[in-house]
Every structure is written in structure tokens, then in C-alpha cells.
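What follows is one structure encoded as C-alpha cells, with my remarks underneath.
Note that these values count all heavy atoms, side chains included, but never hydrogens, waters or copies made by symmetry.
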Amino acid sequence: GFPLQDAMMAAEATNPQLDVQRKQLEISEEQLTSARGARLPTVEFTGSYGPETVQTNRAIVLDQGGRQIATTQLQAVQPLYAGGRINAGIREARAGIGSSNAQLDVATQDTLLNTITAYVNVIQDREAVKIQESSVNLLSEQARAARDRFDVGEITRTDVALAEARFQGAKASLAAAEAQAEASEATYRVVVGSEPADLQPPPPISELPGTFEEALEIALEQSPDILAAEFSERAAEQRITTARSRLRPELNLVATAAFRGTLNQPDAPNFFGPDPTEFVSVPDFLDRNVSAFAQARIPLYQGGVARSQVRSAKLEKAQAQLNVESQRRQIISQVSQFWYAYKAAIIGIEASERQIVATEIAFEGGQEELAVGIRTTLDVLDQEQDLLEARLALVQAERDAYVAAHQLLRAMGVLTPDRMGLYAASGVN
């Protein structure tokens with residue numbers, strides 16, 4: 001058979017949303033590298049080469065005429081003070097990595113929950129088909145027996161019609177159950193990426209907290225949804241510092257080495273003179289310029305752009321704070337919903353098990369009493385319907401309990417691959 005752990009590993013390996021989040025994490029890590037690089041010096045090299053002509057009305061000029069000029073410049077700039085922009089950018093990038101990690105955790109846990117739900121839905125719907133098939137076979141036999149008893153005059157045509165009506169109704173219910181099973185299998189293929197072949201019964205439910213308060217405390221501390229919102233708030237706070245830095249002075253250390261001169265061309269043609277065929281003797285020269293200085297930039301007026309950016313960053317932080325509170329409330333609501341849904345499903349399992357025992361006894365007794373004329377055909381059909389509903393209710397309650405338990409773990413933020421035994425199942429230590 002195909003165990004649930006294998007299905008979860010297959011879904012985790014093929015889910016495109018997880019790949020999207022992994023790429024986002026890589027992008028965030030590169031953004032941190034870029035932010036750190038703002039602390040380091042930048043070095044640029046520029047060069048040019050081309051013809052130049054010099055004409056002047058000065059009395060004494062040694063280098064008048066045309067020549068080929070080459071220039072090169074090497075410049076290094078080391079930031080000394082940027083108004084807090086660089087450090088804020090690094091802290092924002094780190095918060096971005098934290099948010100991306102949390103979002104990857106969210107996507108992973110959602111994938112595992114969707115896989116668990118799809119897996120147990122297929123098992124439940126297949127079991128429902130088996131129960132409906134058993135009901136169809138039983139009602140088919142009852143309809144045949146009713147016709148036989150009618151032929152010998154033991155029951156009326158009404159009894160035969162009742163038995164036939166229940167039989168046809170059971171066939172319709174079986175068709176609906178088969179359609180639901182097909183739909184569940186289609187969902188499984190999308191989530192897991194493989195065919196739902198021989199699925200094994202799911203493993204026991206992982207141990208849950210003893211009280212609702214304990215579950216809620218864990219959720220508020222470990223929920224990746226809340227963590228992602230908190231990291232986004234930290235990033236928004238750093239963007240305020242970045243925006244304010246545009247209002248502050250900047251100080252850089254700049255070092256430059258420049259060279260300008262002619263190539264060794266004693267008789268370079270003067271292409272720009274009045275006579276293109278005239279050759280002018282141009283002496284060679286080389287200028288060197290090396291400098292190092294501190295460069296300050298003080299913003300005086302920016303048209304209100306920088307202050308607008310500060311206000312916008314503050315609004316983004318306020319929005320992020322509201323999002324944190326919204327996520328907290330959603331988690332509280334989810335923990336409450338799934339905690340009590342699980343408790344209700346457990347009670348439903350126990351009640352359905354007792355109901356099945358009682359209805360099986362009643363149904364067996366009703367068949368015997370029908371044979372001796374104490375019960376009517378309708379009584380026995382009603383008892384069979386009660387037994388069918390009790391069996392279906394048990395299957396539904398078992399599914400609901402299993403899904404609600406894992407929905408609770410997801411809301412708590414602890415539905416991790418490690419907790420679900422994926423690493424152990426794959427032999428990874």
C-alpha cells in the first residue's frame with residue numbers, strides 16, 4: 001500500500017508553490033548581500049580616445065593644432081556616513097529573510113494539510129462507496145424477497161413497491177458516492193501529483209495539547225503566519241529610517257587618479273584646420289591628476305518628495321502592525337474552531353459506534369420478526385436505513401476528527417515535516 005508519509009513527501013517534492021517560496025527565500029538572501037555591499041567602496045574605471053583640435057588667439061601656444069587624445073580615470077568612493085540608510089537596509093533585508101522563511105513554512109504546512117485532507121477524503125469516500133454497495137446488495141435481496149412473498153400472498157403490492165423504491169434510491173445514492181469518490185481522487189492527483197492507488201489507513205493522530213489554553217499559547221508563539229507578519233512589520237520600520245536618511249547629509253571619501261595625454265604621433269594630421277592636407281607638428285604630453293578628498297552632500301530642498309516618502313513609510317508600518325493583529329485574531333479563531341471541531345468529531349465517533357451496535361441488533365431482530373409477521377416491510381427498511389446512516393456517520397466522523405486534529409496542528413504552526421515523520425520515513429537523519 002501507499003502510506004500517508006509517502007504522499008506527503010511526494011506533494012512536498014512536486015508542489016510548485018513551495019518552489020516559488022524557496023526562490024523568494026533565495027531572492028531575500030541576495031538582497032541581504034546587496035544591502036551589505038552598500039558599506040563597501042565602489043571602484044570605477046573610465047577611459048576615452050579620440051581626435052582633438054586646439055585653436056586659440058593667445059600669443060604663445062605650444063600645442064595648438066590637431067592630435068589624438070587618450071584619457072583614463074580610476075575613482076574609488078567609500079561611504080562614511082549615509083544618514084542611517086545602509087544599516088537600515090541591512091536590517092530590512094534580514095527581516096525580509098525572516099519573513100521569507102516564515103512564508104516557506106506556511107506553504108509547507110499548508111501543503112501537508114492539503115495532502116492529509118485529500119488522502120483521508122479518498123479513504124472516506126471509497127469506504128462510503130463500499131457501504132453504499134453493501135446497501136444496494138441488501139436492498140436488492142429484500143426487493144427480490146418481497147416479490148417472492150407477494151407471489152405467495154404473504155405481503156401486499158405496497159410492500160413490494162416500498163422495497164423496490166428503497167432499492168432504486170440506494171442505487172442513486174451509490175452513483176452519487178462513486179461520483180464523490182472520483183472527485184476526491186481528482187483532487188488527490190492535483191495535490192500529491194500521483195494516482196491514489198492502494199492507500200493505507202493513516203497513522204494515529206499526533207499527540208495534541210491537553211487543553212485549549214495550551215494549544216492557543218503554542219499557536220500565538222509558533223504560528224508562521226504571525227511570524228511572517230511580525231517580520232514584515234520590522235521591515236516596514238526600517239523603511240522609515242531609510243526614508244528619513246534622504247533628509248540627512250551624506251559623507252563619502254573619494255579618491256581619483258586621472259591621466260590625459262597624446263599618443264606618440266610627431267606628425268599627426270590636422271583634420272580640423274582650414275587645409276586638410278596640412279600637417280602640424282604636435283608635441284607629446286601627459287597630464288597626471290591624483291586626488292583624495294571628503295565629499296559631503298547636504299539636501300536643502302527636494303520638493304517635499306523625501307518627507308512624503310517618510311509619511312508613506314510610516315503608513316506602511318501602521319498597516320503592517322494592523323496585519324499582525326489581524327493574523328493573531330485569525331489564529332485565535334482557527335484554534336478555537338478546530339479544537340472544538342475535533343472534540344465534537346470524537347464524540348461523534350463514540351456515538352456512531354454505539355449507534356451501529358444498536359441498529360445492527362435492531363435490524364437483525366426486525367428481519368426475524370418480519371419473517372413471522374410481527375414487523376412490516378417498512379419497519380425493516382427503516383431499520384436498514386438507520387444502519388446505513390450510522391455506518392456512513394462513523395466514516396464521516398473519523399474523517400472529520402483526523403482532519404480537524406491536523407487543522408489544529410496547522411493553526412498552531414507545528415504541522416511540520418519532522419513532526420509528521422517525513423524525514424524518518426525517507427531515512428534522512
Separation between [atom1] of [X] and [atom2] of [Y], rounded to the nearest 0.5 Å:
X	Y	atom1	atom2	value
Asn87	Arg36	CG	CZ	12.0 Å
Leu408	Phe212	CG	CZ	9.0 Å
Met8	Leu415	CE	CG	7.5 Å
Lys130	Glu133	NZ	CD	9.0 Å
Thr256	Gln75	OG1	CD	4.0 Å
Thr111	Arg410	OG1	CZ	10.0 Å

Do the side chains of [Y] and [X] get nearer than 4.5 Å, heavy atoms only?
X	Y	result
Leu112	Pro417	yes
Arg399	Thr117	yes
Glu389	Gln385	yes
Glu384	Leu139	yes
Arg391	Leu387	yes
Glu233	Asn323	no
Ser34	Glu30	no
Gln21	Ser100	no

Polar side chain donor-acceptor pair, [X] to [Y], under 3.5 angstrom:
X	Y	answer
Gln396	Gln124	yes
Gln321	Glu325	no
Asp105	Gln109	yes

For [Y], does its backbone N or O pair with a side-chain atom of [X] as donor and acceptor, under 3.5 Å?
X	Y	answer
Ser245	Thr242	yes
Ser99	Ala95	no
Gln78	Arg39	yes
Asn252	Val254	no

Salt bridge (Lys or Arg N to Asp or Glu O under 4.0 Å) involving Arg297 - partner list, sequence neighbours excluded: Glu250

Listed partners of Asp386 passing salt bridge (Lys or Arg N to Asp or Glu O under 4.0 Å), at least two apart: none

Exceeds 12 heavy-atom contacts within 6.0 angstrom, atom CD of Gln319: no

Neighbour count above 12 (heavy atom, 6.0 Å) for Arg328 CZ: no

Stepwise side-chain contact (heavy atoms from CB on, under 4.5 Å) check, Gln200 with Gln5: CA-CA 10 Å; Gln200 294 182 359; Gln5 285 84 354; over 6 Å; no

From CA spacing to verdict: side-chain contact (heavy atoms from CB on, under 4.5 Å), Phe167, Gln142: CA-CA 8 Å; Phe167 171 59; Gln142 288 182 346; over 6 Å; no

For [X] and [Y], work out which heavy atoms get closest and say how close.
X	Y	answer
Ile123	Pro201	CD1-CA, 4.4 Å
Arg248	Pro299	O-CD, 3.5 Å
Leu25	Ile97	CD1-O, 4.0 Å
Ile205	Ala401	CD1-O, 4.0 Å
Pro79	Ile86	CB-CD1, 4.1 Å
Gln383	Ala362	OE1-O, 3.2 Å

Pair Glu12-Thr108, side-chain hydrogen bond (donor to acceptor under 3.5 Å, both in side chains): steps then yes or no: CA-CA 7 Å; Glu12 189 182 23; Thr108 300; 4.8 Å; no

Pairs touching residues 16-26 that satisfy salt bridge (Lys or Arg N to Asp or Glu O under 4.0 Å), sequence neighbours left out: Asp19-Arg22, Lys23-Glu26

Residues forming a ring pair (Phe, Tyr, Trp, His ring centres under 6.0 Å) with Tyr402, sequence neighbours excluded: His406

Evaluation steps, side-chain contact (heavy atoms from CB on, under 4.5 Å), between Gln302 and Leu247: CA-CA 9 Å; Gln302 299 171 322; Leu247 298 169; 3.8 Å; yes

Between [X] and [Y], does any side-chain N to carboxylate O distance fall below 4.0 Å?
X	Y	value
Arg144	Glu141	yes
Arg419	Glu207	no
Arg91	Glu237	no
Asp198	Arg126	no

Plane angle bin for Tyr188 and Tyr119 - parallel if under 30°, tilted between 30 and 60°, otherwise perpendicular: tilted

side-chain contact (heavy atoms from CB on, under 4.5 Å) assessment of Gln103 paired with Gln24: CA-CA 9 Å; Gln103 291 291 352; Gln24 182 58 50; over 6 Å; no

Partner set under side chain to side chain donor-acceptor pair (under 3.5 Å) for Gln132, not counting sequence neighbours: none

Any residue meeting side chain to side chain contact (heavy atoms under 4.5 Å, CB included) with Ser352, in chain and number order, not counting sequence neighbours: Ala393, Leu394

